[in-house]
Protein chains: 2
Amino acid sequence: MADKFEVDEIDRKILSFLVKNARMPFLEIARECGISGAAIHQRVKKMEEAGIIAGSRLTVKPKALGFDVCAFVGVQLSQSNQYDGVISALKLMPEVVECHFITGPYAVLLKLFCRDNEHLMEVLVNTIQNIPGISNTETFISLNQAIERQVYVKDPSPSPKKAKK
Amino acid sequence: MADKFEVDEIDRKILSFLVKNARMPFLEIARECGISGAAIHQRVKKMEEAGIIAGSRLTVKPKALGFDVCAFVGVQLSQSNQYDGVISALKLMPEVVECHFITGPYAVLLKLFCRDNEHLMEVLVNTIQNIPGISNTETFISLNQAIERQVYVKDPSPSPKKAKK
DNA sequence: CGTGAAAATCCGTTCTT
DNA sequence: AAGAACGGATTTTCACG
């Protein structure tokens with residue numbers, strides 16, 4: 001489990017840096033936090049073992065790879081007990097980047113990236129609608145994503161800001 | 001702009017590794033790709049400058065930081081021209097991690113993380129509903145996130161596995 | 001555009017307090 | 001647990017093919 005672990009102020013500060021830049025050198029973090037690099041190393045390792053840190057990812061702009069269309073799809077299931085099978089099928093679709101089981105009129109909410117509207121249409125009609133257990137879908141195209149960030153860790157921190165170089 | 005850039009097979013392969021692990025050493029990538037570390041470095045740098053790579057992020061499990069509730073909120077605006085002001089207000093809310101302007105009955109779709117249902121309630125009633133320009137909201141709580149990944153870059157690749165050195 | 005090597009930096013471990 | 005220090009690996013730059 002990932003529970004039963006105390007994340008103190010320094011841990012949060014470490015995370016606040018790494019959440020913004022996963023390749024930030026530990027030594028630089030150490031300087032910002034005022035402790036040694038070894039301490040950073042130990043703390044990060046501990047948080048990884050505790051499951052607080054799930055991994056790290058380079059952020060690629062979908063548009064740069066030719067994925068111009070972002071859309072959310074609300075999915076209704078014909079029988080709610082077919083959830084597992086539907087998930088398995090969705091995992092095989094490279095266009096799907098998120099899949100949630102949600103409350104409300106839709107059982108499942110998907111987020112996906114497609115090359116263009118034609119590609120989106122193809123994915124909806126030829127793939128998603130053909131998955132056994134899926135009865136109906138409703139699509140919301142994202143025209144603009146204004147906010148994209150991680151879960152809140154800590155304020156940017158007043159950073160001791162060494163007076164001068 | 002981030003356009004007008006050709007991402008070739010090697011670039012895609014580099015990205016496919018870094019998308020899964022942003023801290024993967026360039027030299028290790030170099031070995032997998034069969035070219036030198038300097039070449040990897042140059043390509044990554046070029047992709048950063050071209051805007052293909054937006055940055056890198058450590059992935060933190062929200063639950064480990066006490067954010068047990070993930071929810072999507074569909075927001076209707078009283079006047080669609082108030083979009084900018086609404087976005088500014090939403091950016092100040094640490095609970096909001098995504099904000100999209102979408103087609104369909106809702107003008108805006110939010111994704112947010114809260115500590116618990118009480119916190120969610122407070123955010124909805126005391127904060128979101130008070131933002132000028134927001135007329136109505138509908139909330140979908142995510143009971144389970146089954147898929148979480150980046151935009152599709154490339155298949156894991158059969159890795160040419162250098163026959164010998 | 002890739003290579004190879006040099007210099008600076010960083011990582012991960014060990015030892016000490 | 002935290003800090004200092006060491007050897008080994010990595011990042012980054014540069015001139016050359």
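Chain letters run A, B, ... following the sequence lines, proteins first, then strands; residues in each count from 1. Reckoned from all heavy atoms, side chains included, excluding hydrogens, waters and symmetry mates.
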- Judged by nearest nucleotide, the residue sitting upstream toward the 5' end of DNA chain D, A:I35 or A:R23, is A:I35
- Query: Is A:K45 near enough to C:dG12 that one of its side-chain N or O atoms lies under 4.0 angstrom from OP1 or OP2?
  - Reply: no
- Indicate whether OP1 or OP2 belonging to D:dT11 is found under 4.0 Å from a side-chain N or O atom of B:H41. no
Between [N] ([atom2]) and [X] ([atom1]): distance, integer Å:
| X | N | atom1 | atom2 | result |
| --- | --- | --- | --- | --- |
| A:F26 | C:dT13 | CZ | C1' | 14 Å |
| A:M47 | D:dA1 | CE | P | 13 Å |
| B:I40 | D:dT10 | CD1 | P | 13 Å |
| B:I14 | C:dG2 | CD1 | P | 8 Å |
| B:I29 | D:dT10 | CD1 | C1' | 12 Å |
| B:M24 | C:dC11 | CE | C1' | 17 Å |
| B:K46 | D:dT13 | NZ | C1' | 15 Å |
| B:E9 | C:dG2 | CD | P | 14 Å |

- Query: Would B:Y152 end up clustered with A:L112 when hydrophobic side chains under 4.5 Å apart are linked, directly or stepwise?
  - Reply: no
Nearest to the side chain of [X], heavy atoms from C-beta on, is which of [options]?
| X | options | value |
| --- | --- | --- |
| B:S36 | D:dA5, C:dT3, C:dC10 | C:dT3 |
| B:R43 | C:dC1, C:dC11, D:dT11 | C:dC1 |
| B:P25 | C:dC10, D:dT10, D:dT13 | D:dT10 |
| B:A39 | C:dG2, D:dG3, C:dC10 | C:dG2 |

- Okay, side chain of B:S78, backbone of B:S135: is any donor-acceptor separation there less than 3.5 Å? no
- Item | Touch class at under 4.0 angstrom, heavy-atom based, for B:Q42 against every strand present | base
- What do you reckon, is CZ of A:R23 surrounded by more than 12 foreign heavy atoms closer than 6.0 Å? yes
- Are B:L110 and B:T137 close enough that some pair of their side-chain heavy atoms sits under 4.5 Å apart? no
- What's the shortest heavy-atom distance between B:P105 and A:F140, and which atoms? CD-CE2, 3.8 Å
